[in-house]
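What follows is a set of notes on a single structure, which appears directly below.
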Amino acid sequence: QVQLVESGGGLVQAGGSLSLSCAASGRTFSYDTMGWFRQAPGKERDFVAAIGWSATNYADSVKGRFTISRDNAKNTVYLQMNSLTPEDTAVYYCAAKKDSLTLTTGHATYDYWGQGTQVTVSS
């Protein structure tokens with residue numbers, strides 16, 4: 001059974017940092033694109049970042065502040081978030097697109113999803 005489990009969310013003040021992790025199990029994800037999305041209350045699920053073998057892609061709103069990385073040996077993907085603002089408040093989801101290293105941004109193109117972790121940034 002394929003599982004993606006996010007961790008690391010929480011409450012932080014504006015300007016602070018958080019690091020999210022996503023541990024994958026049930027298959028080898030080395031050749032899958034891994035992505036992070038977020039969804040604020042009443043809004044659509046938005047692309048945040050994606051990583052292929054080594055290439056990365058970021059939403060304009062997080063460029064220069066967020067960094068996505070992966071450790072294939074641990075089947076884990078990370079999202080380092082710096083200079084957080086209240087607009088970053090959302091549930092953050094990890095996703096995997098199987099058997100492809102193209103860095104797509106549409107959530108419908110991803111095959112597996114985690115349960116989400118809440119990130120709240122206070123002003």
Side-chain angles (χ1 to χ4, degrees):
Q1 181 181 359
V2 174
Q3 277 194 313
L4 301 177
V5 180
E6 302 98 336
S7 61
L11 174 65
V12 65
Q13 287 189 333
S17 299
L18 277 177
S19 181
L20 305 183
S21 298
C22 172
S25 61
R27 60 178 269 117
T28 298
F29 288 84
S30 300
Y31 296 96
D32 297 350
T33 291
M34 303 297 293
W36 287 96
F37 289 76
R38 65 188 181 185
Q39 189 166 18
K43 295 189 176 181
E44 295 185 351
R45 189 167 297 190
D46 291 333
F47 170 76
V48 175
I51 185 167
W53 187 250
S54 61
T56 57
N57 188 21
Y58 295 93
D60 287 342
S61 60
V62 307
K63 278 180 182 176
R65 301 188 299 123
F66 291 11
T67 302
I68 189 172
S69 61
R70 67 191 297 169
D71 185 337
N72 288 335
K74 295 181 179 179
N75 248 10
T76 301
V77 63
Y78 306 95
L79 185 68
Q80 177 64 41
M81 305 185 294
N82 298 327
S83 302
L84 286 161
T85 73
E87 288 69 37
D88 296 315
T89 295
V91 176
Y92 282 70
Y93 296 91
C94 174
K97 185 170 66 170
K98 63 181 180 179
D99 301 327
S100 174
L101 293 174
T102 56
L103 305 179
T104 55
T105 62
H107 63 80
T109 64
Y110 287 76
D111 301 289
Y112 305 113
W113 290 88
Q115 81 290 349
T117 185
Q118 176 70 46
V119 170
T120 303
V121 184
S122 63
S123 57

> Is a side-chain donor or acceptor of Glu6 paired with a backbone partner of Gln115 at a separation under 3.5 angstrom?
Replying inline: yes
>> Main chain of Leu11, side chain of Thr120: is a donor-acceptor contact present, judged purely on distance under 3.5 Å?
In response: no
> Do you know which two heavy atoms are closest between Ser17 and Asn82, and how far apart they sit?
Replying inline: OG-OD1, 2.9 Å
> What are the two closest heavy atoms between Pro86 and Ser122, and how far apart are they?
Replying inline: CG-C, 4.4 Å
> Among Val91, Thr89, Asp88, Leu79, whose side-chain contact (heavy atoms from CB on, under 4.5 Å) with Arg38 holds?
Replying inline: Asp88
> Under 4.5 Å between any side-chain heavy atoms of Phe29 and Tyr112, yes or no?
Replying inline: yes
> Ile51, Tyr110: one ILVMFWY side-chain cluster at the under-4.5 Å cut-off?
Replying inline: no
> Tyr78 versus Thr67: any side-chain heavy-atom pair under 4.5 Å?
Replying inline: no
> Taking all atoms of both residues into account, what is the closest heavy-atom pair of Thr76 and Ala23, and its distance?
Replying inline: OG1-CA, 4.1 Å
>> Check the orientation of Phe47 and Phe37. Use parallel for under 30°, tilted for 30 to 60°, and perpendicular for over 60°.
In response: perpendicular
> Taking atom OH of Tyr92 and atom CG of Leu18, what is their separation to the nearest 0.5 Å?
Replying inline: 9.0 Å
> What heavy-atom pair brings Thr33 and Ala50 nearest, and what distance separates the two atoms?
Replying inline: CG2-CB, 4.1 Å
>> Before you tell me yes or no, could you show the steps for Asp99 and Arg27 under salt bridge (Lys or Arg N to Asp or Glu O under 4.0 Å), namely the whole-Å CA-CA distance, both residues' side-chain angles and the distance that decides it to 0.1 Å?
In response: CA-CA 11 Å; Asp99 301 327; Arg27 60 178 269 117; 3.4 Å; yes
> Backbone N or O of Gly52 within a donor-acceptor pair of the Arg70 side chain at under 3.5 Å?
Replying inline: yes
>> A side-chain contact here means heavy atoms from C-beta on lying under 4.5 Å apart; do Met81 and Trp36 qualify?
In response: no
>> Taking Ala96's backbone N and O only, do any of them form a donor-acceptor pair with Asp32's side chain (distance below 3.5 Å, no angle check)?
In response: no
>> Quick check on the hydrophobic clustering: are Val77 and Phe66 connected, directly or via other members, by side-chain heavy-atom contacts under 4.5 Å?
In response: yes
> Can you tell me how far the CH2 atom of Trp113 sits from the CZ atom of Arg45, to the nearest 0.5 Å?
Replying inline: 5.0 Å
>> Could you check whether Thr104 and Thr102, counting side-chain N and O atoms only, form a donor-acceptor pair closer than 3.5 Å?
In response: no
>> Tell me whether Leu4 shares a hydrophobic cluster with Tyr93, the cluster being built from Ile, Leu, Val, Met, Phe, Trp, Tyr side chains joined at under 4.5 Å.
In response: no
>> If you compare all heavy atoms of Val62 against all heavy atoms of Val48, which two are closest, and at what distance to 0.1 Å?
In response: CG2-O, 3.5 Å
> Would you call Asn72 and Trp53 a side-chain contact if the rule is heavy atoms closer than 4.5 Å?
Replying inline: yes
> Nearest 0.5 Å, what's the CE-CG distance between Met34 and Asn75?
Replying inline: 7.5 Å
